[in-house]
Amino acid sequence: MSALPRPASLDLPAPADLARALQDRLPGFTHVQWVESTGSTNADLLARVRQTRTPKPWLLGAHLQEAGRGRAGRPWKNRSGAALMFSCAFDVRLPPAQLPAISPLAGLTACEALRRLSGNDGIGVKWPNDVQWRDAKLAGVLAETTRNPDGDGHTVVIGMGVNLCDAVMLSAALERDIADWTQVDPGAHVSNVADIVQASALAWQQAMSDLESAGFGAFIERYAQADALAARNVNVIDRGTITLSGQAAGVDAFGRLQVLGPQGAVAITAGEISVRAQA
């Protein structure tokens with residue numbers, strides 16, 4: 001058996017330099033910070049909601065996350081230089097029934113931003129919010145909400161980890177297909193990481209505004225253009241058990257995945273349920 005390639009890392013800009021570059025690119029953000037290491041950028045911003053009433057939006061990034069989280073609270077840790085880790089916080093005023101739509105919307109708009117940036121339409125979104133390149137996971141997105149302490153709406157925190165390199169090693173270690181940015185955009189340079197953060201942050205900011213004004217129904221057609229599961233046979237898996245098999249049929253006005261099963265269309269909600277394309 002041949003040895004796995006040694007992990008590669010990119011020399012990211014110093015945290016302070018990256019923060020300054022992003023502050024210039026995101027003048028509407030009242031708090032922009034990038035640190036060397038933290039537990040979780042999402043958790044840090046959620047804690048900040050309780051500590052300050054500084055107007056949003058905010059952005060926090062880290063070269064290294066020691067206690068990152070994926071969906072369903074799964075632990076996740078990156079290597080410095082191998083992934084781009086950042087989170088944004090926004091104020092939203094939405095009916096509680098519309099809050100679950102934030103998760104698929106965050107994945108969709110991140111996907112669209114990375115498509116525009118790379119010019120690569122092979123990037124798609126796997127419901128609810130994984131960003132893929134040719135069926136391999138390129139980025140993970142985690143959206144969380146908390147009620148504002150003053151009772152005026154909610155804070156939405158959207159975090160994303162984009163694989164910059166290590167796809168071959170990660171694919172072998174995890175035994176599933178992983179993609180990285182060097183594959184999607186071979187001509188990219190490490191200096192382009194600020195472009196990724198800027199494009200994603202602005203896309204999320206606009207998406208939150210549009211969701212407030214028009215609801216998720218305004219995004220259904222856009223989702224269809226990036227849907228990596230469209231018309232594919234899928235298994236809906238909950239706690240390791242297949243609960244439904246059928247054909248993925250897009251999303252509804254609440255961002256729920258529609259699966260055509262034996263009893264007709266079933267709306268799948270986000271949470272601990274995962275959806276896997278059948279071979």
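Ion pair D177/R134 not flagged as a salt bridge, since none of the NZ, NE, NH1 or NH2 atoms sits closer than 4.0 Å to an Asp/Glu carboxylate oxygen. Ion pair D195/R25 flagged as a salt bridge, since at least one NZ, NE, NH1 or NH2 atom sits closer than 4.0 Å to an Asp/Glu carboxylate oxygen. Salt bridge status for D135 with R232: present, with a side-chain N to carboxylate O gap under 4.0 Å.
At least one side-chain heavy atom of T41 sits under 4.5 Å from a side-chain heavy atom of T38. Between T54 and R48, the closest side-chain pair of non-hydrogen atoms falls below 4.5 Å. A heavy-atom distance below 4.5 Å is found between the side chains of M208 and L105. For the pair L59 and L22, the minimum side-chain heavy-atom distance is below 4.5 Å. Q198 is listed as a side-chain neighbour of L26, based on a closest heavy-atom distance under 4.5 Å. Contact annotation: the side chain of F29 approaches that of C88 to within less than 4.5 Å [non-hydrogen atoms, C-beta and beyond]. Taking the side chain as every heavy atom from C-beta outward, K137 and L170 never approach each other to under 4.5 Å. Put simply, the side chain of F216 does not reach to within 4.5 Å of the side chain of Q98, judged on heavy atoms.
Both I158 and L202 are members of a single hydrophobic cluster when ILVMFWY side chains are connected at heavy-atom separations under 4.5 Å. Linking Ile, Leu, Val, Met, Phe, Trp and Tyr whenever their side-chain heavy atoms come within less than 4.5 Å puts L229 and L244 in one cluster. Hydrophobic clustering, with ILVMFWY side chains joined whenever heavy atoms are under 4.5 angstrom apart, groups V92 together with W204. One hydrophobic cluster, built from ILVMFWY side chains closer than 4.5 Å, cannot hold both I237 and L260; they sit in different ones. When the side chains of ILVMFWY residues are joined at heavy-atom separations under 4.5 Å, either directly or via intervening members, F90 and L99 end up in a single hydrophobic cluster.
In this structure, a donor-acceptor pair under 3.5 Å is absent between the side chains of N233 and Q247. In this model, a donor atom of one side chain and an acceptor atom of the other lie less than 3.5 Å apart for N148 and T155.
Of the possible polar contacts, one joining the S118 side chain to the N120 backbone as a donor-acceptor pair under 3.5 Å is found. Between the D180 side chain and the A167 main chain, a donor and an acceptor come within less than 3.5 Å of each other. A distance-only check finds no donor-acceptor pair linking the side chain of N235 to the backbone of I242 [under 3.5 Å].
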field: CA sep, side-chain torsions, deciding dist, call: S103, N129, side chain to side chain donor-acceptor pair (under 3.5 Å)
entry: CA-CA 6 Å; S103 183; N129 51 24; 2.6 Å; yes

message: Walk me through whether D121 and R115 qualify under salt bridge (Lys or Arg N to Asp or Glu O under 4.0 Å).
response: CA-CA 6 Å; D121 61 6; R115 273 186 170 190; over 6 Å; no

